[in-house]
Amino acid sequence: MRNTIQTFRQAKEKNEKQAVLTAYDYSTAKIMDEAGINCILVGDSLGNVVLGYKDTLPVTMEDILHHTKAVARAVNNALLIADMPFMSFQTSVYDAVRNAGRLVKEGGAAGVKLEGGREVCAQIEAITQASIPVMAHIGLVPQSVRSIGGFRVQGKNEEQARKILDAAKAVEEAGAFSVVVECVPDRLAALITRSVSIPTIGIGAGNACDAQVLVCQDMLGIFSDFKPKFVKQYASLGSHMRQAFADYIREVREGAFPTPEHCYDVSDEVLDKLY
Ligand code: KIV
């Protein structure tokens with residue numbers, strides 16, 4: 001069944017949890033889609049796990065567009081959301097609508113995600129009015145890592161907690177169809193989930209959220225630069241890959257690969273003419 005923003009809304013009403021993952025390439029997105037994922041996010045985390053940057057700030061519109069197009073070619077059922085990179089929407093409402101439009105029109109996304117609370121509500125409102133669904137993102141917002149002083153849990157004191165709860169209500173009012181809640185205490189995320197009618201998508205925000213999201217490379221055990229507490233590794237593909245690469249290198253060096261089963265034949269008749 002094709003997942004839409006309506007199915008996301010209905011899932012909250014029916015108390016059905018939704019599963020979201022990030023993807024950045026065709027082959028991975030195809031497997032995820034076939035496995036039945038509800039939503040695929042082409043996150044700006046691609047800056048970390050694909051492009052090797054220390055944070056997401058260098059990621060550009062062209063980067064996100066390039067990867068969204070690849071994922072869009074693979075997706076049949078999942079709701080496809082593209083992340084708006086740093087400085088693609090903060091600069092003005094006009095830039096926000098224009099860049100969101102590019103992600104849908106050129107990239108093939110069904111909607112966009114953007115980070116921030118009350119301060120980006122004008123952008124959320126304008127993008128939504130342009131008929132583009134918006135997934136908001138509050139709590140730990142990695143694009144603000146320089147101003148919040150690092151990747152750390154948000155909402156542990158009253159002032160921060162109030163601000164995050166207010167942000168959730170503000171983005172809902174501005175028209176967001178869902179909201180990612182990143183790295184906040186689970187009981188605060190539960191309160192937010194009860195306080196808004198749009199689905200909350202938790203990452204490091206406990207089990208009460210309406211949906212969960214993880215970065216694909218984290219949950220597959222491929223990315224080893226850092227491992228947040230909230231990540232559960234569902235596979236150790238990194239070690240399988242290392243082993244496969246090592247086996248291949250050894251077999252090539254030993255002449256054990258390729259064997260006849262990997263080769264193409266030519267008739268004696270043709271070959272004899274060449275001597
Ligand atoms: O960029 C990303 O992958 C994200 C998710 C972790 C929510 O923002």
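Every number for a ligand or one of its atoms is a count from 1 in the order of the listing. In this text the structure is predicted, and so the values were computed from the model without any measurement.
Checking each of Gln143, Lys113, His67 against Asp44 for a side-chain hydrogen bond (donor to acceptor under 3.5 Å, both in side chains) leaves exactly one that passes, namely Gln143.
Salt-bridge check for Arg9 with Glu13: failed, with every basic side-chain N at 4.0 Å or more from each acidic carboxylate O. Using a cut-off of 4.0 Å between Lys/Arg side-chain N and Asp/Glu carboxylate O, Glu254 and Arg250 are scored as salt-bridged.
Between Arg187 and Leu191 there is no side-chain heavy-atom pair separated by less than 4.5 Å.
Residue pairs meeting the salt bridge (Lys or Arg N to Asp or Glu O under 4.0 Å) criterion with at least one member in residues 204-225, sequence neighbours excluded: Lys12-Asp210.
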Could you give the N/O to N/O pairs under 3.5 Å linking ligand 1 and the protein, each with its distance?
unit_1	atom_1	unit_2	atom_2	d
ligand 1	1 (O)	Asp44	N	3.1
ligand 1	1 (O)	Asp44	OD1	2.9
ligand 1	1 (O)	Ser45	N	3.0
ligand 1	1 (O)	Ser45	OG	3.3
ligand 1	1 (O)	Asp83	OD2	3.2
ligand 1	3 (O)	Ser45	OG	2.5
ligand 1	8 (O)	Lys113	NZ	3.0

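The aromatic ring centres of Phe86 and Phe89 sit 6.0 Å or more apart.
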